[in-house]
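First up is the structure itself, then whatever we jot down about it.
Lettering follows sequence order; numbering is per chain, from 1.
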Amino acid sequence: MIKFYNTLTKRKEEFKPIKEGMVGLYTCGPTVYDLAHIGNFRAYVFEDLLHRYLEYRNFKVIRVMNITDVDDKTIKGCQREGISLREYTDRYLFAFMEDMETLRLKKPDYMPRATEHIPDMVSLIKKLLQKGYAYRKDGSIYFRLSKFPSYGKLSGIDLSQIKPGARVDVDEYEKEDVRDFALWKEEKEGVFWDTEIGRGRPGWHIECSAMSMKYLGESFDIHTGGVDNIFPHHENEIAQSEAATGKKFVNYWLHCAHLLVNNEKMSKSKGNFYTLRDLLKKGYNPISIRYLLISTHYRDPLNFTEKSLIQADSTIKNYNAFYQALEFCKREKRDKSVKDAIEKARQGFISGLDDDLNISLALSEIFNLIKKVNISISEGSLSIVDALDVKSFLEEIDSVLAILDKEKKELTEEEKGMIKEREKARKDKNFTKADEIREILKNKGIILEDTPYGTRWKKL
RNA sequence: GGCCUGGUAGCCAAGCGGAAAGGCAGCGGUCUGCAAAACCGCUAUGCGCCGGUUCAAAUCCGGCCCAGGCCUCCA
């Protein structure tokens, strides 16, 4: 039984999809005005884990990730550079797609761009106008919060606590109520669309309502994002969508905590951020970055340090070295206890992740299996078939974790010859020569390990 | 000010009422020609602090301290 912590109810709940075996999943995507930093990627890695795990548990997942390619920052950016909005946002969208691949983030089924869904937003706004949930003021259109009494149910915010003039933009005085938010902003020059509801551009929140319902239906299963999206973004999405359809918008809201640097939120405005590319330039392995981001529970704040990244890197190296070591088994005789240990690990992995994606629990089961199998390997009692079973189990769970280096490692004939030559030298007690060969191969990234059962190699 | 997180070994991190998982690092040992890897052992009488409830508390309750987030840009 899968359970998720639902921000809407503030409880862990059993996950029951609307349609059996199917999941409609909407994950908030990037605003493509700049490179995403690894704090942003924490959310996307969490969403990736969720996506992959649901599939591992045999759900047919339909996932949407929106691309916000029109807002104040993208408009400012393209105007500053004197290029079109499209040209400007394409640049960062492509960079984002590249980064996604680097971090092994599974591609969502749909990645709709806001600018390609203006008509969908317009028709949603028209509906809200017809139903009296929206009103025009000058050329702009606002959502009428006074018409939607359940506003605040997601974030628990008390509207009377929001003081006009404090954090609320005071020059928006033309609204009926300062707390009303924009659905459509009038714009006569620069970036605008000519539509039935006027000339202008959409507010930020409306795109997610329009695009999620377009691809997933008026009610769907899961909506995710960072905790900073709870208010106002997701709260507003609920208001717009439920006002328009009269139906419950989303059943499960999942939010991930922030990535911190020196115990402060990593953010563009604080300047305390690393992009993925910054870290790659420093020589870090992207898979170690993925592992670091994935290995802390998504609802706990994660304090990012290079030290913890180095630790993650060691873990990944050991994990993959174990995977490679499975190639070097000679024994034929099966040992039933290996099969049992795999099954125990599988069950532990599942029950961990079933519990609101408790990754630490899931991983500890995997490491326990590795320890057990390592004992068999060093005793020389692991059979080829058992090793293959372990290997395919690691590959099975890698559909969720995506941290394995599955590239087939091969040696050239020359390298194989050198290993044989070294073994002969060792037999002849010519250790100087043996050590020389070991050193040469090491410089080529091939590490030799002498075991009682022969020399084993691994390639970095 | 309101609302919400988190504080567990040197570092990261589970556990959330009944003997403190796991990872990284360190030390000692086994193995090895030497290494490496792996394994074994050691490393929190203790879970921010102070009280309380209970046969039993890291886990529940109350108070306090520290750090962080949200309160119309934000993953």
Side-chain angles (χ1 to χ4, degrees), chain A residues 7 10 27-31 33 36-47 71-73 152 155-163 166-169 172 178-182 203-205 224-233 235-236 255-260 262-270 291-292 295-297 299-303 305 307-319 321-322 325 348 352 358-368 370-371 373-379 426 429-432 434-435 438-439 442 447-452 456 458:
Chain A
T7 308
K10 303 190 175 37
T27 55
C28 266
T31 302
Y33 72 104
H37 58 66
I38 58 162
N40 301 128
F41 277 111
R42 186 195 185 184
Y44 308 131
V45 167
F46 146 64
E47 289 159 358
D71 79 320
D72 289 347
K73 283 180 220 162
S155 58
I157 200 142
D158 179 358
L159 274 186
S160 64
Q161 291 295 319
I162 298 178
K163 297 188 194 90
R167 297 289 292 265
V168 179
D169 197 353
E172 304 237 50
V178 279
R179 294 162 308 206
D180 291 345
F181 59 90
W204 172 37
H205 316 294
T224 71
V227 286
D228 48 0
N229 278 152
I230 296 173
F231 186 85
H233 185 51
E235 198 71 73
N236 291 352
H255 292 96
C256 80
H258 285 130
L259 187 76
L260 311 178
N262 296 322
N263 290 310
E264 281 197 329
K265 177 180 170 182
M266 177 178 285
S267 70
K268 288 277 165 62
S269 47
K270 285 183 175 150
Y291 180 77
L292 176 63
S295 60
T296 293
H297 185 82
R299 284 191 291 115
D300 285 334
L302 167 55
N303 192 26
T305 60
K307 184 174 177 181
S308 54
L309 183 52
I310 290 165
Q311 291 185 0
D313 197 54
S314 299
T315 307
I316 287 298
K317 278 198 183 108
N318 293 345
Y319 188 78
F322 171 76
N358 189 331
I359 185 83
S360 303
L361 228 46
L363 289 172
S364 73
E365 293 291 341
I366 305 309
F367 287 115
N368 286 334
I370 290 176
K371 179 168 263 187
V373 174
N374 264 330
I375 293 171
S376 303
I377 292 177
S378 45
E379 285 172 348
R426 287 183 70 220
K429 307 255 185 259
N430 186 351
F431 297 121
T432 316
D435 290 350
R438 183 165 66 191
E439 193 58 26
K442 189 182 169 191
I447 308 291
L448 299 189
E449 292 167 358
D450 300 322
T451 76
R456 160 175 104 184
K458 68 181 175 193

Of A:His297 and A:Ile375, the one whose closest RNA chain B nucleotide lies more 5'
A:His297

Contacts of A:Lys307 and A:Ala321 projected onto RNA chain B by closest heavy atom; the upstream (5') one is A:Lys307

Does atom NZ of A:Lys429 have more than 12 heavy-atom neighbours, drawn from other residues, nucleotides or ligands, at distances under 6.0 Å?
no

Partner residues of [X] under the salt bridge (Lys or Arg N to Asp or Glu O under 4.0 Å) criterion, sequence neighbours left out:
{"X": "A:Lys73", "answer": "none"}
{"X": "A:Asp71", "answer": "none"}
{"X": "A:Arg438", "answer": "A:Asp435"}

By the 4.0 Å heavy-atom rule, please label A:Asn40 as base, sugar-phosphate, or nothing.
base

Could you tell me whether A:Asn368 contacts a base, only the sugar-phosphate backbone, or nothing, with contacts defined as non-hydrogen atoms closer than 4.0 Å?
sugar-phosphate

Which whole-number value in Å describes the distance from [X] [atom1] to [N] [atom2]?
{"X": "A:Phe231", "N": "B:rG2", "atom1": "CZ", "atom2": "P", "result": "18 Å"}
{"X": "A:Lys442", "N": "B:rA37", "atom1": "NZ", "atom2": "C1'", "result": "13 Å"}
{"X": "A:Asn374", "N": "B:rA38", "atom1": "CG", "atom2": "P", "result": "7 Å"}

Identify which nucleotide among B:rG68, B:rG33, B:rA37 has an atom closest to any side-chain atom of A:Ala434, counting heavy atoms from C-beta outward.
B:rG33

G-U wobble or Watson-Crick pairing nucleotide for B:rU43 (cut-off 3.5 Å, both distances)
none

Does B:rC16 have a Watson-Crick or wobble mate here (both distances under 3.5 Å), and if so which one?
none

4.5 Å side-chain heavy-atom contact, [X] and [Y]:
{"X": "A:Val45", "Y": "A:Arg42", "result": "no"}
{"X": "A:Thr315", "Y": "A:Asn318", "result": "no"}
{"X": "A:Asp450", "Y": "A:Arg426", "result": "yes"}

Pairwise [atom1] distance, [M] and [N] [rounded to whole Å]:
{"N": "B:rA58", "M": "B:rC42", "atom1": "C1'", "answer": "24 Å"}
{"N": "B:rG62", "M": "B:rU54", "atom1": "C1'", "answer": "16 Å"}
{"N": "B:rC24", "M": "B:rA56", "atom1": "C1'", "answer": "34 Å"}
{"N": "B:rA14", "M": "B:rA44", "atom1": "C1'", "answer": "15 Å"}

Listing, residues 358-367 of chain A side-chain donor-acceptor contacts under 3.5 Å, not counting sequence neighbours, or none:
unit_1: A:Asn358; atom_1: OD1; unit_2: A:Ser360; atom_2: N; d: 3.4
unit_1: A:Asn358; atom_1: OD1; unit_2: A:Leu361; atom_2: N; d: 3.2
unit_1: A:Ser364; atom_1: OG; unit_2: A:Leu361; atom_2: O; d: 2.8

Could you check whether the side chain of A:Arg456 and the base of B:rA37 have a donor-acceptor pair of N or O atoms closer than 3.5 Å, going by distance alone?
no

I'd like to know if A:Asp228 reaches the base of B:rC73 with its side chain, counting only an N/O donor and acceptor under 3.5 Å.
no

Please list, for nucleotides 3-9 of chain B, all pairs of protein and nucleotide N/O atoms separated by less than 3.5 Å.
none

Under 4.0 Å: is that the gap between some side-chain N or O of A:Lys458 and OP1 or OP2 of B:rA38?
no

Please determine whether a side-chain nitrogen or oxygen atom of A:Asn358 lies at a distance below 4.0 Å from atom OP1 or OP2 of B:rA14.
no

Pairs: protein N or O with nucleotides 24-27 of chain B N or O, under 3.5 Å:
unit_1: B:rC24; atom_1: OP1; unit_2: A:Asn318; atom_2: ND2; d: 2.6

Assess the residue pair A:Tyr44 and A:Phe41 against the criterion (ring pair (Phe, Tyr, Trp, His ring centres under 6.0 Å)); give the C-alpha distance rounded to whole Å, side-chain angles, the decisive distance to 0.1 Å, and a yes or no.
CA-CA 5 Å; A:Tyr44 308 131; A:Phe41 277 111; 5.7 Å; yes

